[in-house]
Number of protein chains: 2
Amino acid sequence: MKVTGDQALVKKINKSLILHTIRKHPELSRARISEMTGLNKATVSNLVAELLEEQLVLEAGPGESSGGRKPLILHFNAMAGCVVGMELRVKHLTAVLCNLNGAVLYETELPLDQHDFPSVLENMKTMLTGLIAMAPTTHYGVVGIGVGVPGMVDEDGVVLFAPNLSWEKVHLRELLEESFSIPVIIDNEANSGALGELNFGRGEDVRHLLYVSAGSGIGSGIIIGGELYKGSRGYAGETGHMCIEAEGTPCSCGSRGCWELYASEKAYDLAAMELPAYHTPELIRLAADGNAAARQQFEVMGSYLGIGLTNLINGFNPELIVIGGALSDARKWLEGPMQQVVAERTLPYHKQQLEIAFSTLGSRATMIGAGFSAAMHFLGHTRVMV
Amino acid sequence: MKVTGDQALVKKINKSLILHTIRKHPELSRARISEMTGLNKATVSNLVAELLEEQLVLEAGPGESSGGRKPLILHFNAMAGCVVGMELRVKHLTAVLCNLNGAVLYETELPLDQHDFPSVLENMKTMLTGLIAMAPTTHYGVVGIGVGVPGMVDEDGVVLFAPNLSWEKVHLRELLEESFSIPVIIDNEANSGALGELNFGRGEDVRHLLYVSAGSGIGSGIIIGGELYKGSRGYAGETGHMCIEAEGTPCSCGSRGCWELYASEKAYDLAAMELPAYHTPELIRLAADGNAAARQQFEVMGSYLGIGLTNLINGFNPELIVIGGALSDARKWLEGPMQQVVAERTLPYHKQQLEIAFSTLGSRATMIGAGFSAAMHFLGHTRVMV
DNA sequence: CCACTTTGTATATTGGTTAAACTAAGTTTT
DNA sequence: AAAACTTAGTTTAACCAATATACAAAGTGG
């Protein structure tokens, strides 16, 4: 059923607008909010009073006067509750306990030796139980769990396919919600990373962002109009299997010449020469020590990264691209060739407002973004399109 | 400034919802609308009364009873006004006069021998004046002009760059609005085509659609969530310059191995063998007569079309892809190889709900879509996102 | 001390949706 | 054919959120 309008909706829209205005701009008074949003002062007062009662907003004493009565400064109460953000990787399970504004309170990690779903689920539960136990006493307690997984996820939180874990159709959300009775948000690792970078990394005030996670494969999270774009069944962004060589190397996906064969860790297997190592951290150390083969390998991969990025730029026309994942640590050698290829190959108009950056959150982007999803789900988010 | 909620907004949302419900489903009664939308019967009655007064809706007498009082059937009054939809191509200017529901009333065409902006503008004005003069007397008259152009267009209706016309930064919307004092909507040719197919072609009830226009180049219109996605500066979808051969043929855009070098009319210049003709309609005629070279050329192009499509599928995960443009007339020879490549190379989950079809509107998709944009702009379109 | 500013609250009004009762106009049962 | 039931659409009164306006609170500056 479509969304209809009534007074409750009006209130929801305005309350959501006020709450998120306060969240994004600390140090606001009621009067400033009224100016910024266009809402009447009385409306702001009323809705702020409700938000105060709900403990989502706090009054933080008087601010500076500008020639009249001092304003009462309002703060978003990020400690009204907590969320857990978790990332499931092939070899690790990492998680953070965050407040409602994404600040990290605790961080934990657990090595994974087995990938079968039952044992991973056990480990997840243990980790979550631990983090939830560590949560400080807050008004709402732990209000959500967000998980980023390396695979396709549908809108019901079912992991449809995660090749690196050999998972298929795993009802992860359902099982976790049953165990913890807290709303659970499952998302693709790259989508969560995109949200992390959008909100806590390079992406402030950006409306169209592309997050490219290069590690054991390549995945992309696509932010359109400030929101995650998930495609028709919830799993767009599988750009790693974009073909960049029509008759290239066969890929396990059934196609040929896929981008991730040339620009992710999978490229090590195809390297033209003998490599001094076949794991990224080691290869980075060797490159830093001046090893020519390691450096050249990264440079070639940088060029191929650039080729795939060019395709994405032409298709999505983003304002900002953020490169994340394990390979982003090799920035020093990847970036030059990558930027050069993009500069050479991109259409002139696309270049004008485009920036390509490396992740500032590093390997934490995914779990922070996953936690943020959970927080946003709790806070709600209603608005109008004209 | 952000959109705030008040009673006027509520009314706008509900009225828009009712109007578009009637537009999309002929033969509705007030009671059925109330059921379908969830709005109260009284609300529907009130808003329908206003729509009747505004002549956007008509009462069409009683319908079939199902055991009680007969319903009063309502119709969208597509003849409350007219719009003009125009397509600017390299060699032609084509335009239609449509009613508010996209039905074509008149159709005209004008060959273009010169591409300089002043002379094209003159031709456009002549054509528009003629069509507007032919418009039947309606309550609102001609309420909008939509134009699809072969190039990048920004949100202010400025044609930033149209390589085939050698246009740069042409303020088309402004100039046409000055001349006719009617709202003008300028859009990329592929975007308009996507809207045409979404609303009048294969795309009914589709939320994520990709329209690929293959002619002198390749352009794509991207519909996400039922709406046109235009990218950060209004010109996403330039997929023709997606690289599918990392070290392929150099392209005029500065890159190499661009898709449209292999799968648009540009491929004729690169054909491995001597072709019997170098224009699509002729080549189609020859292929129909059994010419082997012509057929093979289309088959090779079909394969390359499939490669590019696979990339788009992995990135956008659409429900429906519609192939349009001049080359869509060669469907008979393109389709087999194209579908085969897509079947071979697409990830299994993407295949599940994907359909690839050829345009049913043919070469008229763009102008009909452009007219539709203008009509929608007139009718308004307010709704809520949760 | 007084005039002026700015912040935030209280009050009456406006205008939209809604539930419930009602009228209108049919069909089915007896 | 009368009575009972169904369905369509309208009328009425109530509700409630935002708003304009007036007002109280709390500052600044001369």
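Chain naming here is simple, since letters A, B, ... match the order of the sequence lines and numbering starts at 1 in each. Side chains are part of it too, since the values below use all heavy atoms of this structure and drop only hydrogens, waters and symmetry mates.
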### Query
So, for Phe378(B) and Tyr140(B), is the gap between ring centers shorter than 6.0 Å?
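Ring centroids of Phe378(B) and Tyr140(B) are less than 6.0 Å from each other.
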
Just checking [X]: base, sugar-phosphate only, or nothing, at a heavy-atom cut-off of under 4.0 Å?
X	value
Asn46(A)	nothing
Lys11(A)	sugar-phosphate
Ala42(B)	base
Lys70(B)	sugar-phosphate
Thr43(A)	base

Figure out the [atom1]/[atom2] separation between [X] and [N], and round it to whole Å.
X	N	atom1	atom2	answer
Leu72(A)	dA26(D)	CG	P	10 Å
Ile73(B)	dG26(C)	CD1	P	14 Å
Lys15(A)	dC16(D)	NZ	P	15 Å
Asp6(B)	dC16(D)	CG	C1'	14 Å
Leu39(A)	dT7(C)	CG	P	16 Å

### Task
Taking only Lys NZ, Arg NE, NH1 and NH2, and the carboxylate oxygens of Asp or Glu, determine whether Arg173(B) and Glu155(B) approach each other closer than 4.0 Å.
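Looking at Glu155(B) together with Arg173(B), the answer is no, because their closest N to O distance does not fall below 4.0 Å.
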
Would you mind telling me which of [options] lies closest to the side-chain atoms of [X]?
X	options	result
Arg30(B)	dT10(D), dA20(D), dA19(C)	dT10(D)
Lys41(A)	dT7(C), dG26(C), dA17(D)	dT7(C)
Ala31(B)	dA8(D), dA17(D), dT17(C)	dA8(D)
Leu47(B)	dA18(D), dT17(C), dA8(D)	dT17(C)

### Message
Please determine whether a side-chain nitrogen or oxygen atom of Ser29(B) lies at a distance below 4.0 Å from atom OP1 or OP2 of dG9(D).
### Response
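Looking at the OP1 and OP2 atoms of dG9(D), one of them is under 4.0 Å from a side-chain N or O of Ser29(B).
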
### Task
Determine: side-chain N/O of Asn40(B) to OP1/OP2 of dA19(C), distance under 4.0 Å, yes or no.
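Indeed, a polar side-chain atom of Asn40(B) lies that close.
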
### Query
Taking for each residue the nucleotide of DNA chain C with the nearest heavy atom, is it Ser66(A) or Ser45(A) whose nucleotide lies nearer the 5' end?
Ser66(A)

### Task
Find which nucleotide of DNA chain C each of Pro71(A) and Gln7(B) is nearest to by heavy atoms, and output the residue with the more 5' nucleotide.
Pro71(A)

### Task
Give a yes or no on this: more than 12 heavy atoms of other residues, nucleotides or ligands lie within 6.0 Å of atom CD of Glu53(A).
no

### Residue mapping more 5' on DNA chain D - nearest nucleotide basis, Gly5(B) or Arg69(A)
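Result of the comparison: Gly5(B).
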
#### Entry: Ring geometry between Phe372(A) and Phe200(A) (parallel below 30°, tilted from 30 to 60°, perpendicular above 60°)
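Perpendicular: the ring planes of Phe200(A) and Phe372(A) meet at over 60°.
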
### Message
Applying side-chain contact (heavy atoms from CB on, under 4.5 Å) to Glu174(A) and Glu178(A), what does each step give before you reach the verdict?
### Response
CA-CA 6 Å; Glu174(A) 199 179 326; Glu178(A) 272 173 20; 4.1 Å; yes

